[in-house]
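Everything on this sheet refers to the single structure shown next.
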Amino acid sequence: MVNSIGQSESARERPEHAMARAQVRSWLAATDFVAAIWTGLDSNFESTIGRPFTIENAIGYLEGLPVSARERALNYFRKSPHEVDTPLRHRLVDLGWIEDYRAPAGSATAVPRRTGSV
């Protein structure tokens, strides 16, 4: 947690995230928000999938899911706020699997959602 009003931040739970807190504080200063909260969870990709997390491994994992599970996973990305801007989300846009959340709706640069199988 970073609070711009009281200039407070939480380092109690994850002191190793000092760099993340500094980046969030910098981002927060450039917004109208007064606080930012994040979970700071460790990745479980490697322990669950058996491969290190990379964009290509994540895409391969999504490709291997049954269609209904893949659609649920992609809907998670589709419903995420546009501020959640990650390299994996960029790749999903590039593949046409999700809409281009970075472009205004209806603009010429928006990528339409793919309707066929992923």
Side-chain angles (χ1 to χ4, degrees):
M1 180 276 299
V2 172
N3 180 341
S4 65
I5 293 176
Q7 297 300 311
S8 62
E9 53 188 54
S10 172
R12 182 181 59 221
E13 299 298 325
R14 302 300 296 265
E16 68 273 19
H17 287 177
M19 189 167 115
R21 282 192 312 279
Q23 290 174 329
V24 169
R25 180 167 291 291
S26 176
W27 170 83
L28 187 60
T31 73
D32 292 330
F33 297 112
V34 297
I37 300 170
W38 69 96
T39 57
L41 299 174
D42 291 329
S43 173
N44 67 350
F45 190 89
E46 188 166 1
S47 64
T48 303
I49 308 306
R51 294 186 304 269
F53 179 84
T54 66
I55 301 305
E56 292 312 312
N57 283 346
I59 296 299
Y61 172 75
L62 290 169
E63 287 174 330
L65 289 174
V67 173
S68 63
R70 184 177 23 227
E71 274 305 305
R72 283 193 309 274
L74 293 174
N75 279 333
Y76 176 84
F77 288 96
R78 290 179 185 121
K79 292 179 180 181
S80 296
H82 66 86
E83 292 89 356
V84 179
D85 189 32
T86 66
L88 177 55
R89 203 167 179 195
H90 288 214
R91 183 78 171 110
L92 294 173
V93 168
D94 292 345
L95 290 170
W97 291 5
I98 64 171
E99 303 82 9
D100 191 343
Y101 60 96
R102 300 163 292 181
S107 74
T109 58
V111 176
R113 191 179 110 181
R114 187 173 170 168
T115 55
S117 64
V118 176

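- Annotation for Leu92 and Leu62: closest pair CD2-CD1, 3.9 Å, computed over non-hydrogen atoms.
- Taking CD1 from Ile59 and CG from Asp94, the interatomic distance works out to 9.5 Å, rounded to the nearest 0.5 Å.
- Every residue meeting the side chain to side chain contact (heavy atoms under 4.5 Å, CB included) condition with Pro81, not counting sequence neighbours, appears here in chain and number order: Glu83, Val84.
- Taken to the nearest 0.5 Å, the CD1 atom of Ile49 stands 9.5 Å off from the CG atom of Asn57.
- Of all non-hydrogen atoms in Ala73 and Leu65, the two that sit nearest each other are CB-CD1, 4.4 Å.
- Among residues at least two apart or in separate chains, there is no salt bridge (charged side-chain N to carboxylate O under 4.0 Å, His left out) pair with a member in residues 32-41.
- Checking Arg78 against Asn75 by side-chain atom types alone, a donor-acceptor pair falls below 3.5 Å.
- The ring pair (Phe, Tyr, Trp, His ring centres under 6.0 Å) contacts involving residues 47-88 comprise Phe45-Phe53, where partners must be two or more places apart or lie in separate chains.
- Applying the side chain to side chain contact (heavy atoms under 4.5 Å, CB included) rule to Thr48 yields the partners Asn44; only residues at least two apart in sequence or on another chain are considered.
- Applying the salt bridge (charged side-chain N to carboxylate O under 4.0 Å, His left out) test to Glu56 and every residue at least two apart in sequence or in another chain returns Arg91.
- Remark: Pro66 engages Ala69 in a side chain to side chain contact (heavy atoms under 4.5 Å, CB included) (not counting sequence neighbours).
- By the side-chain hydrogen bond (donor to acceptor under 3.5 Å, both in side chains) test, Asp85 pairs with His90, Tyr101, sequence neighbours left out.
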